[in-house]
Amino acid sequence: MTNAKDRSNRMKSLFANVNREELEKHIPSPVGTTVRPASSGSMSGAVKSMQQTFSAVEAENERLRAQLQSGDSAVELDPASVVPAFVRDRMDFEENPEFAGFVEGIRREGQKLPILVRPLPDHPGQYQIAYGHRRHRACQIIGIPVRAIVMQMTDEELVVAQGIENAERENPSFIEQALYASDLKKRGFSRETIARALGRNEEKGLAYISMLTATANAVPEALARRIGPAPATGRPKWEKLGAFFKDQKLPSDTNSALNGLVGSERFQALASDDRFTAVMRVLDRSSRPTNTPESAEIDLGHGVVVTTKRTSKAMQFSIPHAPAAGLSTWLVERLPTLLEEFKRSERGEEQ
């Protein structure tokens, strides 16, 4: 782990060729500065007020320029003027229960570390995040300016900056890395750049990128995002999950059971790793080979022998009346209850 000054030095080294004069064109006016029109009867006062306002704006801009040129200081930006990166290295953090505590920490102690942004040339006064999405969102929720370091960056430099930041904090989970690598690949980035963006500059990092993108291609992205980051679930388990899919599709009955699971409130209330386990339980159960022949007899004892007949679309049961009069009626009446028990088992709930 490195301190904020070390991080700043690494960033300055990465972007040593930044054109300061060009960047200064994008420095914003102070957050909340407005110019109010005066009435027609007080023009001289209005002109004086406007002159004072412009002087204040210019003074603030000078302060911001000085901060920027110092290399170690951050400017304050209106969170509304800052948009997310074009590619995200992490899943939706707002669903994480810990995010509320993160927001309260910034509300109580302020924003300790600045975020990194780049100006958007086609949208003056607008910026795009390289890293620091959680800090930006927290400031947005609280209603305070977000402290940011502003640097000109190419798309490639932006994703590499994300990699530097990730190397200094908790790494993204395997599936977050897989989706991130897949997204970058779809956008035309080279494997070398993707490896750098994930903090893997060693030669074997290229093979790792191939494993990531292969897993992302096997598992439907929508399902992966419903499961979430699953920080304790590594590559072997995700690869096993991907093996259930063919061209990211499942057999219709398995797909129906899985949709019932992930669409339930119970599933959403689970922790991310537990969601993964619940999904695997459904897929394992659905994929078990059945040894039941097309026609069979099941001896239940007491002289009751049930005949079954399996077809491609249904299982038929034949229950004799004589040995257990009323059994078939009793079963039919309880079918709704049995169905609910079955659904709970599919969702991994306790019986």
Side-chain angles (χ1 to χ4, degrees), residues 91-92 95 173-175 178-179 182 211-230 232-300 304-320 327-351:
M91 292 187 182
D92 189 358
E95 291 186 3
S173 68
F174 175 80
I175 193 60
L179 294 176
S182 178
M211 288 188 293
L212 289 174
T213 54
T215 303
N217 289 336
V219 179
E221 182 177 348
L223 174 62
R225 294 194 178 280
R226 294 296 290 271
I227 292 172
T233 304
R235 175 174 63 86
K237 291 184 177 180
W238 280 104
E239 289 181 342
K240 182 179 178 181
L241 187 150
F244 284 100
F245 293 86
K246 183 177 181 180
D247 297 329
Q248 296 199 346
K249 295 181 180 180
L250 294 169
S252 58
D253 55 343
T254 304
N255 189 63
S256 178
L258 186 59
N259 286 339
L261 168 70
V262 300
S264 67
E265 293 183 4
R266 169 78 176 180
F267 179 80
Q268 294 303 318
L270 294 174
S272 183
D273 286 296
D274 294 332
R275 292 180 192 174
F276 181 92
T277 300
V279 167
M280 288 298 294
R281 185 183 295 118
V282 169
L283 295 178
D284 278 330
R285 183 183 296 123
S286 300
S287 67
R288 289 173 190 163
T290 176
N291 295 322
T292 305
E294 292 194 3
S295 296
E297 291 184 348
I298 304 174
D299 190 345
L300 301 179
V304 180
V305 178
V306 176
T307 302
T308 65
K309 183 178 180 180
R310 178 186 295 274
T311 69
S312 60
K313 295 184 178 180
M315 171 75 85
Q316 298 175 358
F317 293 85
S318 178
I319 304 174
L327 176 60
S328 58
T329 301
W330 184 86
L331 282 173
V332 169
E333 291 174 349
R334 281 158 179 76
L335 281 177
T337 301
L338 294 174
L339 178 60
E340 287 303 317
E341 289 183 9
F342 171 75
K343 287 183 175 180
R344 285 200 297 272
S345 71
E346 288 291 291
R347 295 193 295 262
E349 299 179 14
E350 297 292 334
Q351 299 296 317

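- Nearest heavy atoms, Ala218 versus Phe245: O-CB, 3.7 Å.
- Contact of the Leu283 side chain with the Leu241 side chain is registered, since non-hydrogen atoms from C-beta on lie closer than 4.5 Å.
- Phe174 is not listed as a side-chain neighbour of Thr233, based on a closest heavy-atom distance of 4.5 Å or more.
- Qualifying ring pair (Phe, Tyr, Trp, His ring centres under 6.0 Å) partners for Phe244, counting only residues two or more places apart in sequence or in other chains: none.
- Rounding to the nearest 0.5 Å gives a distance of 6.0 Å between OG1 of Thr277 and NZ of Lys237.
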- Would you check, one step at a time, whether the test side chain to side chain contact (heavy atoms under 4.5 Å, CB included) holds for Asn217 with Ser182? CA-CA 8 Å; Asn217 289 336; Ser182 178; 4.2 Å; yes

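- Judged purely by atom type and a 3.5 angstrom limit, Gln248 has no side-chain atom pairing as donor or acceptor with the backbone of Gly242.
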- Task: Walk me through it: do Leu261 and Leu258 pass the test side chain to side chain contact (heavy atoms under 4.5 Å, CB included)?
- Result: CA-CA 5 Å; Leu261 168 70; Leu258 186 59; 4.2 Å; yes

- Task: I would like to know whether Ile319 and Trp330 meet side chain to side chain contact (heavy atoms under 4.5 Å, CB included); could you show each step before the answer?
- Result: CA-CA 12 Å; Ile319 304 174; Trp330 184 86; over 6 Å; no

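- For the atom pair CG of Leu179 and OG1 of Thr213, the computed distance is 11.5 Å after rounding to the nearest 0.5 Å.
- Note: Ser173 OG to Asp273 CG = 8.5 Å, rounded to the nearest 0.5 Å.
- Checked against side chain to side chain contact (heavy atoms under 4.5 Å, CB included), Pro320 has the following partners two or more places apart in sequence or in another chain: Pro323.
- When all heavy atoms of Ser272 and Ile227 are compared, the closest pair comes out as OG-O, 2.8 Å.
- For Thr215 (side chain) and Met211 (main-chain N/O), a donor-acceptor pair under 3.5 Å exists by modelled atom type.
- Put simply, CD1 on Ile175 and CZ on Arg235 are 12.5 Å apart, with the number rounded to the nearest 0.5 Å.
- Distance alone, capped at 3.5 Å, places no donor-acceptor pair between the Asn255 side chain and the Lys249 backbone.
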- Verify side chain to side chain contact (heavy atoms under 4.5 Å, CB included) between Leu331 and Phe317, making sure each step is shown before the conclusion. CA-CA 11 Å; Leu331 282 173; Phe317 293 85; over 6 Å; no

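- A pairwise comparison of heavy atoms in Trp238 and Val219 identifies O-CG2, 4.0 Å as the closest pair.
- A side-chain donor-acceptor contact under 3.5 Å links Arg275 to the backbone of Arg226.
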